[in-house]
Chemist: 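This is the structure I have questions about; it appears just below.
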Number of protein chains: 2
Amino acid sequence: MSKLRLRIAMSLDGFVAGPNQSVENPLGAGGMRLHEWVFPLRVWRAMHGLEGAEVNESSRVVEESMANIGATIMGRNMFGGHPGPWDPKNPWNGWWGSNPPYHHPVFVLTHYAREPLKLEGGTTFYFVTDGIDAALEQARRAAAGKDVQLAGGAHAARQYFAAGLVDEMLIHLAPTLLGSGERLFQGIANLRGLELVQTVAAPNVTHLKFTKR
Amino acid sequence: MSKLRLRIAMSLDGFVAGPNQSVENPLGAGGMRLHEWVFPLRVWRAMHGLEGAEVNESSRVVEESMANIGATIMGRNMFGGHPGPWDPKNPWNGWWGSNPPYHHPVFVLTHYAREPLKLEGGTTFYFVTDGIDAALEQARRAAAGKDVQLAGGAHAARQYFAAGLVDEMLIHLAPTLLGSGERLFQGIANLRGLELVQTVAAPNVTHLKFTKR
């Protein structure tokens with residue numbers, strides 16, 4: 001069965017975004033520190049059309065996390081932090097540029113309906129207004145047997161997590177503190193059957209993989 | 001120079017004790033889950049006079065964390081959760097029993113003065129009422145060149161951490177959520193110069209060791 005796989009970077013004090021998130025600074029103050037480990041990696045740079053050669057213990061983790069993914073779900077903030085209804089005359093197409101690094105269907109949880117946004121390289125954003133179950137069903141169908149990636153942000157991740165729908169969770173634990181911002185596990189008191197199955201130490205990050213028993 | 005070494009177990013969501021801590025349940029609701037990885041270990045069981053033979057990746061981490069320690073500092077809750085002045089007629093000697101597993105001087109941060117409490121096996125508890133700097137100074141003197149262990153709980157750890165006095169931090173990260181309770185890093189927004197230097201994966205725990213650059 002197609003799995004729902006959450007993959008998210010988190011600080012040692014439990015934050016997945018810093019305070020004062022905005023359209024200009026979607027990760028919030030200090031939030032970029034959660035992702036510093038990934039930027040030098042060849043696997044990440046190639047995905048974003050950049051050169052770069054670093055290969056370390058994180059490389060295999062990132063490669064495995066991208067394997068067998070047929071569709072992605074994300075929250076509205078992660079698509080583009082859009083605060084209200086879409087303006088059809090001046091559409092905001094998110095921060096992912098003209099050729100997003102997904103190359104498969106992406107389902108965006110939002111309160112505002114919008115036509116699908118087809119971009120280069122095989123990425124089409126679909127805007128789902130009827131909740132997490134509907135988004136998951138559509139994403140599973142689009143994934144055609146492959147798994148569905150839950151890309152974040154915190155609010156979307158928490159909703160699926162609280163509903164017990166996450167089958168696999170990969171936390172990229174950054175050895176830094178943010179002090180405030182968005183907590184991944186705010187209001188969640190147990191792992192919903194997920195168990196730690198793999199720990200990978202790498203430069204500037206520890207990867208913790210959980211799966212259902 | 002003698003280092004101050006914090007060693008503490010923490011949940012994935014950042015708690016070092018669960019909610020509703022009391023004299024009967026000093027770790028709070030669910031707090032015992034943070035320590036389950038240690039109970040089967042031979043090194044821990046021997047320290048507490050119990051038999052048991054398990055040796056795994058945690059064993060060396062625990063052994064190293066106990067090496068070269070000449071004194072310990074702990075908060076009042078960790079000594080025994082005593083809520084007010086000591087009763088000289090009916091003294092409460094904490095939860096550590098008649099032969100505590102320290103075997104060296106232990107300095108307890110408290111607001112209530114008390115004569116030193118000398119127990120079997122080389123452990124004497126000293127009650128320090130004039131703050132964290134005084135306790136550290138006394139502990140360093142008692143350690144006679146060895147390092148000082150900061151054993152917790154959360155409040156004591158945070159005070160030393162916020163003051164930038166922690167030279168080494170070993171977090172035993174338990175793959176579980178507590179949802180509420182005492183957060184280690186509450187109100188602390190940076191690591192005070194500590195950097196991740198070692199990650200050890202072991203059954204039911206990930207050990208993260210930080211030191212000053």
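Just so it is clear, the structure is predicted and the values come from calculations on it, not from any experiment.
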Chemist: Under 6.0 Å between ring centres, would you say that holds for Phe79(A) and Phe127(A)?
Modeler: yes

Chemist: Is there a side-chain contact between Pro105(A) and Phe125(A) in this structure, where contact means two heavy atoms from C-beta onward sitting under 4.5 Å apart?
Modeler: no

Chemist: I'd like to know which of Ala201(B), Ala202(B), Pro175(B), Pro203(B) tops the heavy-atom pair count under 4.5 Å against chain A.
Modeler: Pro175(B)

Chemist: Using non-hydrogen atoms only, which part of Ile171(B) is less than 4.5 Å away from chain A: side chain, backbone, both, or neither?
Modeler: side chain

Chemist: Can you sort out the partners of Ala163(B) under side chain to side chain contact (heavy atoms under 4.5 Å, CB included), two or more places apart, ordered by chain and number?
Modeler: Ile132(B), Leu165(B)

Chemist: Checking heavy atoms, do the side chain of Ile188(A), its backbone, both or neither come under 4.5 Å from chain B?
Modeler: both

Chemist: Of the backbone (N, CA, C, O) and the side chain (C-beta and beyond), which part of Leu191(B) lies under 4.5 Å from a heavy atom of chain A, both, or neither?
Modeler: both

Chemist: Evaluate the side-chain proximity of Ile73(A) to Val148(A): yes if any heavy-atom separation is below 4.5 Å, no if none is.
Modeler: yes

Chemist: For residues 3-31 of chain A, pull every pair meeting ring-ring contact (aromatic ring centres under 6.0 Å, His included), keeping only residues two or more places apart or in separate chains.
Modeler: none

Chemist: For Leu12(A), is it the side chain, the backbone, both or neither that has a heavy atom under 4.5 Å from a heavy atom of chain B?
Modeler: both

Chemist: If a pair satisfies ring-ring contact (aromatic ring centres under 6.0 Å, His included) and one of its residues is in residues 181-201 of chain A, list it, with sequence neighbours excluded.
Modeler: Phe161(A)-Phe185(A)

Chemist: Check chain B against chain A and list any donor-acceptor pairs under 3.5 Å.
Modeler:
from, atom 1, to, atom 2, distance (Å)
Thr199(B), OG1, Thr206(A), OG1, 3.4
Thr206(B), OG1, Thr199(A), OG1, 3.4

Chemist: What's the separation between atom CG in Leu177(A) and atom CG in Leu184(B), rounded to the nearest 0.5 Å?
Modeler: 8.5 Å

Chemist: Does any part of the side chain of Val205(A), heavy atoms only, come nearer than 4.5 Å to the side chain of Leu173(A), both counted from C-beta?
Modeler: no

Chemist: Leu208(A) versus chain B, heavy atoms under 4.5 Å apart: side chain, backbone, both or neither?
Modeler: side chain

